[in-house]
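For reference, the structure is listed below as structure tokens.
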Protein chains: 2
Amino acid sequence: MTRVHRPKDPTELSAAEWVRQQLIDDIVAGRLLPGEKLCEVKIAARLGCSRTPVREAFRHLGALGLAHFEKNRGGNVVRLERAIMLELFEALAEVSAACAGLAVARGEASRWTLAEREWSHAAVPAGTGSENDLFSILFNICGNRLLSEAGATIRCRLLPYWRLMGKAAEEWPVHGEAGQAEAIRAMVAGNGRAARRHMRAFVLMARDQALRSLPQSILP
Amino acid sequence: MTRVHRPKDPTELSAAEWVRQQLIDDIVAGRLLPGEKLCEVKIAARLGCSRTPVREAFRHLGALGLAHFEKNRGGNVVRLERAIMLELFEALAEVSAACAGLAVARGEASRWTLAEREWSHAAVPAGTGSENDLFSILFNICGNRLLSEAGATIRCRLLPYWRLMGKAAEEWPVHGEAGQAEAIRAMVAGNGRAARRHMRAFVLMARDQALRSLPQSILP
DNA sequence: CATGCTGAGATTGTATACAGCAAGCACTTT
DNA sequence: AAAGTGCTTGCTGTATACAATCTCAGCATG
């Protein structure tokens with residue numbers, strides 16, 4: 001239990017925001033394991049602050065679905081379950097498809113996607129950090145903040161499963177370059193219906209890939 | 001022998017939960033007006049508790065998108081804006097369509113929808129309180145908690161706009177019984193693609209209705 | 001008159017104190 | 001031995017104290 005201290009004031013984050021980001025990183029990176037108990041005083045001691053910011057961060061984690069809390073009984077990091085993973089993939093497929101359809105409908109797709117996609121192809125897609133992967137571009141051009149935020153949250157919740165497969169979080173939408181290509185082609189061509197269909201199929205393909213590489217013994 | 005667990009008393013809310021519910025009600029009912037300043041100490045005094053539960057409730061409101069907070073600068077109830085309303089309707093249309101499609105895909109639609117719909121028809125659809133309106137049923141049978149929670153949140157954020165139109169929150173999906181009927185018919189018939197299309201069209205029709213009845217002078 | 005400084009008041013951010021709930025353990029009772 | 005009882009301990013829920021920061025009126029200065 002190495003004590004981590006907040007940097008003096010580089011980005012003007014409040015303690016609560018810093019703790020929140022720290023805990024999110026710990027969860028998606030696997031430093032806080034699924035099912036692990038989250039104790040306010042211990043986390044506060046480890047991060048060198050009082051309980052108050054930790055509480056605030058806990059509530060945020062709960063709202064994001066990364067942890068689960070009960071009244072007077074503390075909380076735990078969410079456990080990884082097959083059924084939840086399926087729901088996450090399913091929801092991501094729907095949201096992504098909707099974003100693709102909306103992007104086409106508002107005519108943004110043909111302009112943006114092509115250029116940015118070439119660029120990202122050269123720069124290697126990245127997951128959470130960079131903003132050049134397929135999903136980030138999609139969420140940016142869809143023009144609906146609610147859908148894009150929902151999608152980003154879902155993708156964040158999927159990262160622990162991705163890690164469980166032994167893959168780095170950065171190479172998240174990696175399989176099926178072909179599937180991606182089809183969706184992008186449809187978007188650029190302005191075919192909304194095809195874009196939705198291909199986008200959904202692409203994510204569901206990733207789901208099936210995840211299912212195959214996570215046997216019952218690893219993911220209950 | 002068998003341990004008898006004390007029945008979890010659902011009426012015993014923690015102070016934070018109570019404050020949160022109170023503030024949500026105040027916002028959607030219009031007792032807290034859009035743009036109104038939210039001061040921790042004043043709310044705490046009005047509700048007879050300390051700042052701590054109020055803070056917690058504030059963060060929850062922020063996560064739900066019902067209020068907006070800035071570091072060291074307090075917060076305000078979200079202002080009603082045309083563009084936001086359009087995004088909300090758009091997102092609700094997409095999420096509802098996705099739920100309809102999923103419900104059909106998993107075969108739940110034909111069994112549930114028919115019966116429950118008859119029932120709700122008799123009992124008069126209700127908004128937030130009851131669980132018998134079209135959206136609640138849809139979110140229940142879609143089988144994906146992420147999508148249904150997203151949809152419920154969006155619908156909650158739409159209620160202030162609905163109130164601005166002079167309609168009670170309870171009669172929310174009211175227009176276009178015809179539109180609803182078409183969507184439900186497609187779901188019962190097991191036609192997922194048609195269910196998606198009709199569901200989306202129904203919500204977008206509600207959006208257009210709202211646009212027409214809210215001139216620039218009322219909703220900037 | 002415009003502009004910039006300053007200090008008081010207001011408000012949020014954080015720490016800490018205290019009370020209450022919950023689970024575990026030893027002890028008693030049957 | 002099984003079940004009940006009260007204590008102990010650890011943790012959370014809430015209140016309150018203190019620190020940091022913002023706002024804005026008032027004044028000095030060009």
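Keep in mind it's a predicted model, so treat the numbers as computed, not measured. Letters A, B, ... mirror the listed sequences (proteins, then strands); counts begin at 1.
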**Request:** Please report, rounded to the nearest Å, how far the C1' atom of C/dT14 is from the CG atom of A/Leu47.
**Result:** 14 Å
**Asked** Looking for any heavy atom pair under 4.0 Å, which part of the strands does B/Ser14 touch: base, sugar-phosphate only, or nothing?
**Response** sugar-phosphate
**Fill in**
Whole-Å distance, A/Glu40 CD to C/dA15 P, equals 13 Å
**Request:** Run the salt-bridge test on B/Glu56 and B/Arg20 with the 4.0 Å N-O cut-off and return the result as yes or no.
**Result:** no
**Message:** Check the phosphate of C/dG13 against B/Arg59, side-chain N and O only, distance under 4.0 Å to OP1 or OP2. Yes or no?
**Reply:** yes
**Message:** Which is more 5' along DNA chain C, the nucleotide nearest B/Lys42 or the one nearest A/Glu17? Just name the residue.
**Reply:** B/Lys42
**Which nucleotide in D/dA15, C/dC21, C/dT12 has an atom nearest any side-chain atom of B/Thr52** = D/dA15
**Prompt:** Expressed in angstrom and rounded to an integer, what is the separation of B/Leu13 atom CG from D/dG13 atom C1'?
**Reply:** 14 Å
**Phosphate contact (C/dT11 OP1 or OP2) by B/Arg73 side-chain N/O below 4.0 Å** = no
**Prompt:** Quick one: A/Arg55 CZ to D/dT14 P, roughly how many Å, whole number?
**Reply:** 7 Å
**Asked** Rounding to a whole Å, what distance do you find between B/Arg20:CZ and D/dT14:P?
**Response** 12 Å
**Prompt:** Between B/Lys71 and D/dA20, does any side-chain N or O lie under 4.0 Å from OP1 or OP2?
**Reply:** no
**Asked** Where the side chain of B/Ser50 is concerned, which of D/dA15, D/dG13, C/dG13 is the nearest nucleotide?
**Response** D/dA15
**Minimum-distance nucleotide (side-chain atoms of B/Cys49 versus C/dT12, D/dA15, C/dA15)** = D/dA15
**Asked** Do any side-chain nitrogens or oxygens of A/Arg51 fall under 4.0 Å of OP1 or OP2 in C/dT14?
**Response** no
**Item:** Rounded distance (Å) that lies between atom C1' of D/dT14 and atom CD of B/Glu56
**Value:** 10 Å
**Asked** Does A/Arg145 pair with B/Glu90 as a salt bridge, N-O distance under 4.0 Å?
**Response** no
**Rounded distance in Å - CD (B/Glu70) to C1' (D/dT21)** = 13 Å
**Asked** Do the charged groups of A/Arg31 and A/Glu36 touch, with an N to O distance under 4.0 Å?
**Response** no
**Request:** Output the single nucleotide from C/dA15, D/dA15, D/dT12 whose closest atom is nearest the side chain of B/Pro53.
**Result:** D/dA15
**Complete:** Between B/Met85 and the options B/Leu80, B/Leu164, B/Leu219, the side-chain contact (heavy atoms from CB on, under 4.5 Å) test singles out B/Leu219
**Item:** Euclidean distance, atom CH2 of residue A/Trp18 to atom C1' of C/dT14 [Å, nearest integer]
**Value:** 14 Å
**Asked** Of all the nucleotides listed (C/dC21, D/dC11, D/dT14), which has the minimum atom distance to the side chain of A/Asn72?
**Response** C/dC21
**salt bridge (Lys or Arg N to Asp or Glu O under 4.0 Å) evaluation trace for B/Glu94 with A/Arg196** = CA-CA 11 Å; B/Glu94 295 295 340; A/Arg196 285 177 187 264; 2.9 Å; yes
